[in-house]
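Every chain is numbered from 1 and lettered A, B, ... according to where its sequence line falls, protein lines coming before strand lines.
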Amino acid sequence: MILPDKLYGDGVKVPLVGAVSISNPWDLLIGDRFYTRGRMQKFYNRVLGDSLKGAAKLRQEAYARLSDWEGIEKSRSIRDFNNYSARIAGNFETIDAFHRWASCARLVTNVSVPLFCLNAIDDPVCTDEAIPWDEIRIGSGIGRLQRFYSGVSRESAAAEDVITEMLRRKPMPSIVDFNNEIVELSRKGHYLKATESFRKMNMAGVKMSEHTISIVTNCFGKLKLMDQGLSLLGHSIKSGLEIDDHVIASIVDGLMFENRVDDAISFFKKILMFGNRHPSTVLYNILLKGSCQAHDYKRAIQIFDTMDFEHDIISYSILISHLLDRKEFQEAVSLLNRMLCDTRVVPDSALFGSVMKSLLDSNYLQDARMILPLMVQQNTYFQANFFNVVVGYFCQRGMVKHAEGVVQFMLKRCITPTVITFNTLLLGYCLSKKLHSAERLYQLMIRGSLNVSADIVSATTLLKCYCSNPSSLEKGLKFFEKTFGKKTMVFAPNAVTYATIIQALFKAKNPDLASEYLHEMKSRDIHASQKLYGVALNGFVTNGDLESANSYFNEPENDVFNNNVVVWNIMIKGAIINGRFVLAKAYMDGMIKRGIKPDLKSFTPMLIAFYAHNFTIEADNLVSEMRKIGIPLWLVCNELKVAYEKSWLAVEKKRLWIAMKKLETEAMS
DNA sequence: TTAGGGTTAG
């Protein structure tokens, strides 16, 4: 055993519990055995080659570590395995680092991990230690692009320029290089630029691969231009490209993203019949996810059942977390049990993480605690995706110090934080109004000093940081221009980015500038989303601009969003707070006419208004109407209580109090 | 040699 006692700079000793020993690890591999072996060989050579030339004993030791690791990882997909080993090969240079990695593989059954979480959630331990940012490995996150470009002109440039340069070269680089650059564009949200580059490549006569088609289709999907995606598919078939699973996945995913669930499913069936092939689990999972996102739970179950013993851990994960979010605990638990009995799947850290998240979100702390012993019992390998949930839990509650403690813990245990860990922490700083820390973390991510680089979520979160405080709003606007502006666009903004800034401007009572951004978004061909639409409407009505709200509401292209009850609730509430009862009533009639069922939040503003103006008969009628459609009265009481406490509508408080008490007794009876 | 499905931002 050559593992050193001190594995880290700060001298933290990592306990090694329950090392796995397998006599012949190669037998445990699934799928591409030789391919994988080659990868591992490459990794081995890279890691050991530099620092250990000729040291036979250490090589032997290294081989033993690799064996252990494979045994542990056998439950994961071959792709994860390959990617991970490639990353490790790229990042680890010295034998010291190699030992760190090896010890990481041995932490599988380290009981102190769940114990830490248990304590942390019950009785969070705060740490004053600063996160050792320097010790988080310097990765090769943004390397690919820079590496290529430095060979071209020594300047850093956008992937788009790289592609132009590549097209000029003679002979042109391989399609793999082009693919990498389009992926780079797509990763930063430059979907339009990606499709434009694809056109240029096409004109220059570059021979495309299936992978190119899949990436570009994906971009069309994100742009909600799936009709173009489908026509691209037609061209590809004509030009003799094989339609592989990746291309089908991109199309199905794109159609789902456009909410065309029926189209997606019929395409899925047709293309499979056309190629006479068996659908992969990944394809099924895309359908599952799409159905869940479209709130078509019945269909999701149907798909799950037709999968016929082919569900994997992700299928279970999608369905279970969806059930939990819908608060269907019975169903979720029975599915969880079914999964635990299913010998073909091994529950992983991500699954337990998402279950835990749903439980924490619903404030079921006791049940959340139960997940941890279950994980130990199942011998789950703890990974960042689980800890991200714990980090998020603290961040959401403004306990960013505790979140930092969790990150510390991860680092000490060699559980490498992901971009989601840092983005979550960034949000934590934002919610705790620690702008300085947020800025510093973002800078580290942008500069590539961490093992991951910043993405559009990081940038949007920092934007929220600036915008949530009136004193830094100006800085936020500048940041927006610098990061998302047309001239110096680092990331291509999306509906979330615009929603963030628009919401902040409305809140800062600057509806004019908010409208400007709304127009700018439209001029940049960025589609509004249901949430952004709500943000804009709410912004108009709370700023007393019913006219703009109404005209935005009536724009034909927004009509698709008006099928959501939330929108109508915003309009009703908006009319009421601006003293327009007749208008509120008109909206109420309008939604019923459209076939949308009013819910609690549709009725309460009007009810409060009736109470406030002492229209007791009308209020009583409304209450009985709510009763008729099955809205529990205690929920109404809760709403009134909130309105009372917040002095909503500047109502006569005493009247509201009396009404509330009266309703409470009614609810009890 | 490159890639698809579960978690992060409104």
Any side-chain N or O of Lys289(A) below 4.0 angstrom from OP1/OP2 of dG5(B)? no
Going by an N to O cut-off under 4.0 Å, is there a salt bridge joining Glu404(A) and Lys434(A)? no
Counting side-chain heavy atoms from CB outward, which of dG4(B), dA9(B), dG6(B) is closest to Val496(A)? dA9(B)
To the nearest Å, give me how far apart CZ (Phe394(A)) and C1' (dT8(B)) are. 17 Å
Atom CG of Asp348(A) and atom P of dT7(B) are separated, to the nearest Å, by 12 Å
Nearest-nucleotide pick for Ile420(A), side chain only, options being dG5(B), dT2(B), dT7(B): dT7(B)
Sugar-phosphate only, base, or nothing, as touched by Val535(A) at under 4.0 Å among non-hydrogen atoms: nothing
Under 4.0 Å, counting only non-hydrogen atoms across every strand here, what does Thr281(A) touch: a base, just sugar-phosphate, or nothing? base
Report which part of the nucleic acid Ile318(A) touches: base, sugar-phosphate, or nothing (heavy-atom distance under 4.0 Å, all strands). sugar-phosphate
Taking atom P of dG5(B) as reference, at what distance in whole Å does atom CE of Met256(A) sit? 14 Å
Shortest side-chain distance from Ala249(A), nucleotide among dT7(B), dT1(B), dG4(B): dG4(B)
May I have the distance from Ile313(A) (atom CD1) to dT7(B) (atom C1'), rounded to whole angstrom? 14 Å
The nucleotide from dT2(B), dG6(B), dG4(B) with an atom nearest the side chain of Ile314(A) is dG6(B)
Quick check: any donor-acceptor pair below 3.5 Å linking the side-chain of Asp245(A) to the base of dG4(B)? yes
Using a heavy-atom cut-off of 4.0 Å across all strands, would you classify Thr461(A) as base, sugar-phosphate, or nothing? sugar-phosphate
Please work out if Asn538(A) contacts a base, only the sugar-phosphate, or nothing of the nucleic acid, heavy-atom cut-off 4.0 Å. nothing
Atom CD of Gln293(A) to atom P of dG5(B): distance rounded to whole Å? 12 Å
Do we see a donor-acceptor contact under 3.5 Å between the side chains of Lys327(A) and Ser362(A)? yes
Remember a base hit wins even if backbone is also touched, and classify Ser458(A) as base, sugar-phosphate or nothing at under 4.0 Å, heavy atoms. nothing
Base, sugar-phosphate or nothing for Ser280(A)? Non-hydrogen atoms, less than 4.0 Å. base
Should we count NE2 of His295(A) as having more than 12 external heavy atoms under 6.0 Å? no
Anything under 30° is parallel, anything over 60° is perpendicular, the rest tilted; go ahead and classify Phe382(A) against Phe386(A). perpendicular
Has the side chain of Asn180(A) got a donor or acceptor that lies under 3.5 Å from a partner of the other kind on the base of dT2(B)? no
Rounded to whole Å, the CD-C1' distance (Glu181(A) to dT2(B)) equals 11 Å
Which nucleotide, dA3(B), dA9(B), dT8(B), lies nearest any side-chain atom of His246(A)? dA3(B)
What is the distance from CZ of Arg187(A) to P of dG4(B), rounded to the nearest Å? 12 Å
Under 4.0 angstrom, heavy atoms only, what part of the nucleic acid is Ile248(A) near: base, sugar-phosphate, or nothing? nothing
Contact class for Asn218(A) (heavy atom, under 4.0 Å): base, sugar-phosphate, or nothing? nothing
With a 3.5 Å cut-off and heavy atoms only, can you find an N or O donor on one side and an acceptor on the other between the side chain of Asn494(A) and the base of dA9(B)? yes
Classify the side chain of Asn385(A) versus the base of dG6(B) as yes if they form a donor-acceptor pair under 3.5 Å and no if they do not. no
Could you check whether the rings of Phe479(A) and Tyr442(A) sit parallel, tilted or perpendicular, using 30° and 60° as the cut-offs? perpendicular
Have a look at Ser354(A) and say if it touches a base, only the backbone sugar-phosphate, or nothing, with a 4.0 Å heavy-atom cut-off. nothing
Report, as yes or no, whether the 6.0 Å neighbourhood of atom NZ on Lys269(A) holds more than 12 heavy atoms from other residues, nucleotides or ligands. no
State whether Asp342(A) and Arg338(A) are salt-bridged, where the test is any N-O pair (Lys NZ or Arg NE/NH1/NH2 against Asp/Glu carboxylate O) under 4.0 Å. no
Could you check whether Ala459(A) gets within reach of a base, just the sugar-phosphate, or nothing at all, counting any heavy atom under 4.0 Å? nothing
Nearest-Å distance for atom pair OH/P, residues Tyr442(A) and dA9(B): 17 Å
Please determine, for the side chain of Val457(A), which listed nucleotide (dG6(B), dT8(B), dG5(B)) has the closest atom? dT8(B)
Please pick, from dT2(B), dG4(B), dG6(B), the nucleotide with the shortest atom-to-atom distance to any side-chain atom of Ala350(A). dG6(B)
Please work out if Leu532(A) contacts a base, only the sugar-phosphate, or nothing of the nucleic acid, heavy-atom cut-off 4.0 Å. base
